[in-house]
Amino acid sequence: MPVQTSVASAPLARRQGNVVPIEEGLHKHPLKICLLGYRSHPYSGGQGIYIKYLSKALVEAGHRVDVISGQPYPQVDPRVRLIKMPGLDLFENGLMSLRPRHLTSLTNIIEWCSKLTGGFGEPYCFGRRAVKYLNQYGRDYDIIHDNQCLAYGMLELQEQGFPLVTTIHHPITSDLSIAVAAAKNIRERFFIRRWHSFLVMQRKVAAKLHNVVTVSERSRDDIAKSFGLPVDSISLVYNGIDTDEFTPRKDIARIPQRIMATASADQPLKGLSYLLDALAQVRRQYPDTELLLVGKPKPDGETAKQIERLGLGDCIRTVTGISTEQLVAYYAEAELAIVPSVYEGFGLPAGEAMACGVPVISTDGGALPEVTGDAAITVPAKNADAIAAAVIELFEDPQRRALMSQAGRQRMEEVFCWQRVAVQMTDYYWRVIDHANR
């Protein structure tokens with residue numbers, strides 16, 4: 001029988017803000033779990049990676065897992081059922097893709113009008129579609145787990161008695177403030193704020209959700225501040241790193257002075273401009289230094305202009321849309337990996353590089369120090385000079401690189417693994433369910 005929640009019950013997460021401990025005894029039977037993601041492809045960012053690996057870990061823990069997602073769709077384990085919830089996917093198809101058949105849906109019209117006026121309506125529209133689907137087919141789930149959609153539809157599900165948990169990775173208010181600060185003129189600032197107007201909805205929804213979980217201490221503090229929530233109302237389950245997929249490749253040789261970075265090239269949040277400035281400095285002393293960038297700058301964007309201005313076109317290679325296997329091979333070739341982000345709610349690129357045994361230089365942006373610990377070199381965010389100095393330091397010290405390689409791998413194996421996440425998340429699910437049934 002499906003477990004139903006009581007809307008009148010006091011919210012569990014409002015009373016449990018600490019790290020969710022591992023308590024094997026809470027696991028009573030396998031759960032029927034539904035994960036929601038409004039866009040979930042791993043290339044779309046950390047939310048897609050979270051869906052991919054959390055769903056896999058939960059299945060391996062013995063649960064039945066369905067993923068309901070909008071486009072671009074996630075990569076999921078064959079044992080996970082993917083339920084596609086297509087929208088208009090206007091960021092891929094463009095505004096001119098609207099057809100007469102789309103006009104039969106109010107949700108489609110809302111999504112198209114939002115994009116037409118510079119907004120981002122995907123979370124809101126996905127929430128509407130998810131409510132319609134789950135009201136018809138979702139009553140047998142033990143738990144619904146929303147992956148930062150934070151749409152009004154999530155409150156509808158909660159009010160209708162669906163057992164709902166929401167992961168907030170980090171407050172998008174951080175992205176907004178960084179993007180506005182980097183804008184060149186009033187027009188850019190206007191359109192940045194217009195695109196982020198969905199934050200009005202997210203703030204309202206977050207304030208009314210009963211069960212909120214996040215992925216780092218820094219995110220918990222920032223979410224509480226940005227959304228006006230008590231810190232102890234947000235529970236914490238760290239992300240994991242798949243140390244079976246992300247693993248050292250002893251059969252692949254390092255390429256001397258090869259640096260690797262994973263960054264959304266034209267997002268100020270990712271700090272790529274500081275890495276490029278640092279690269280220009282390093283090449284004065286090590287002219288053969290090259291950067292492999294997982295991400296593709298816009299041809300006419302600020303990153304492309306900066307590369308041309310610094311004369312770095314001949315030493316940067318960009319790749320995108322690669323498989324996890326190819327990503328791991330690239331890590332194996334790299335002498336160093338750099339995470340130049342201004343802010344990260346967790347820092348998956350740092351963890352993945354460390355799991356692959358690559359020495360990491362990371363900024364102190366957001367939660368990155370929680371991930372890297374003492375196993376990486378940490379430099380201040382927005383500091384190209386510090387990044388350059390750290391690169392040169394490691395280029396000149398192969399023994400330290402070897403020690404960092406071992407320490408990084410060990411930290412990921414011992415502290416961050418998806419099997420541990422699955423156990424902790426299952427405990428959290430059961431606490432929500434048990435509290436609702438009192």
Side-chain angles (χ1 to χ4, degrees), residues 1-9 29-41 47-48 50-52 54-55 58-59 63-90 98-114 121-167 198 201-202 204-205 208-212 425 429-430 432-433 436-437:
M1 294 290 294
V3 181
Q4 299 295 327
T5 65
S6 171
V7 178
S9 299
H29 61 71
L31 295 172
K32 299 174 184 177
I33 302 166
C34 177
L35 289 174
L36 302 178
Y38 64 87
R39 53 170 41 225
S40 304
H41 198 286
Q47 292 184 41
Y50 185 78
I51 286 280
K52 175 181 178 180
L54 177 60
S55 62
L58 289 170
V59 164
H63 305 297
R64 192 197 84 183
V65 181
D66 292 352
V67 171
I68 299 177
S69 175
Q71 302 119 309
Y73 297 120
Q75 296 174 346
V76 294
D77 186 276
R79 295 165 292 180
V80 174
R81 184 170 71 133
L82 174 60
I83 301 169
K84 295 181 178 180
M85 193 72 62
L88 296 180
D89 199 14
L90 296 172
L98 190 71
R99 296 291 180 267
R101 68 178 184 277
H102 296 143
L103 299 178
T104 60
S105 164
L106 177 59
T107 303
N108 286 343
I109 294 171
I110 293 171
E111 185 174 348
W112 189 84
C113 290
S114 177
E122 284 187 10
Y124 172 77
C125 293
F126 175 80
R128 288 174 59 93
R129 295 180 180 113
V131 168
K132 182 178 179 180
Y133 178 88
L134 289 170
N135 274 325
Q136 187 172 1
Y137 301 110
R139 287 292 174 180
D140 66 333
Y141 290 119
D142 295 307
I143 204 85
I144 309 293
H145 187 160
D146 167 37
N147 187 30
Q148 197 158 320
C149 177
L150 292 172
Y152 293 123
M154 300 305 106
L155 293 182
E156 288 187 51
L157 293 174
Q158 183 172 266
E159 291 165 1
Q160 291 169 10
F162 284 92
L164 181 71
V165 168
T166 296
T167 292
F198 65 91
M201 173 186 70
Q202 292 199 335
K204 292 179 180 178
V205 172
K208 296 180 179 180
L209 289 171
H210 293 172
N211 305 299
V212 175
M425 193 62 77
Y429 292 157
W430 271 115
V432 170
I433 294 166
N437 287 336

- Between H29 and W430, does a side-chain contact (heavy atoms from CB on, under 4.5 Å) hold up when you go through it step by step? CA-CA 10 Å; H29 61 71; W430 271 115; 3.3 Å; yes

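- Contact detail for C34 and I68: the closest heavy-atom pair is SG-CD1, 3.5 Å.
- Atom CD1 of I143 sits about 11.0 Å away from atom CG of L58, to the nearest 0.5 Å.
- A 4.5 Å side-chain heavy-atom check between K132 and Y137 finds every atom pair outside the cut-off.
- Here the side chain of Q158 pairs a donor or acceptor atom with the backbone of H210 at under 3.5 angstrom.
- For the atom pair R128 CZ and L106 CG, the distance stands at 4.5 Å (nearest 0.5 Å).
- For the atom pair OH (Y50) and OG1 (T167), the distance works out to 3.0 Å, reported to the nearest 0.5 Å.
- Proximity of I51 to Y73: side-chain heavy atoms (C-beta onward) are nowhere separated by under 4.5 Å.
- Summarising the geometry of M201 relative to C149, their closest heavy-atom pair is CE-O, 4.4 Å, with the distance given to 0.1 Å.
- Side-chain contact between P86 and Q71 is present, with heavy atoms from C-beta onward closer than 4.5 Å.
- The heavy-atom pair separating V76 from V67 by the smallest distance is CG1-CG2, 4.3 Å.
- Across L36, D146, V131, a single residue satisfies side chain to side chain contact (heavy atoms under 4.5 Å, CB included) together with F126, and that is L36.
- Not counting sequence neighbours, the partners of R79 by the salt bridge (charged side-chain N to carboxylate O under 4.0 Å, His left out) test are E60, D77.
- Scored by the salt bridge (charged side-chain N to carboxylate O under 4.0 Å, His left out) test, R129 finds E111 as partners (sequence neighbours excluded).
- Proximity of a side-chain donor or acceptor of T107 to a complementary backbone N or O of C125 within less than 3.5 Å is not detected.
- S55 and L35 make their closest contact through CB-CD1, 3.7 Å (heavy atoms, listed as atom of the first residue, atom of the second, distance).
- Counting only distance, with no hydrogens or angles, the side chain of H145 and the backbone of V165 share no donor-acceptor pair below 3.5 Å.
- Side-chain contact check for L150 versus P123: every heavy-atom pair is 4.5 Å or farther apart.
- Counting heavy atoms from C-beta on, the side chains of Y141 and L134 come closer than 4.5 Å.
- The shortest distance between side-chain heavy atoms of L209 and L155 falls below 4.5 Å.
- Rounded to the nearest 0.5 Å, atoms CG (N211) and CD1 (I433) are 10.0 Å apart.
- Between the side chain of Q47 and the backbone N or O of R39, no donor-acceptor pair lies under 3.5 Å.
- When every heavy atom of K32 is checked against every heavy atom of D140, the shortest pair comes out as CD-O, 3.4 Å.
- Minimum interatomic distance between A130 and M154 (heavy atoms only, all atoms of both residues): CB-CE, 4.4 Å.
- Rounding to the nearest 0.5 Å places NZ of K84 at 12.5 Å from OG of S40.
- The structure places OG of S105 at 7.5 Å from CG of L88, a figure rounded to the nearest 0.5 Å.
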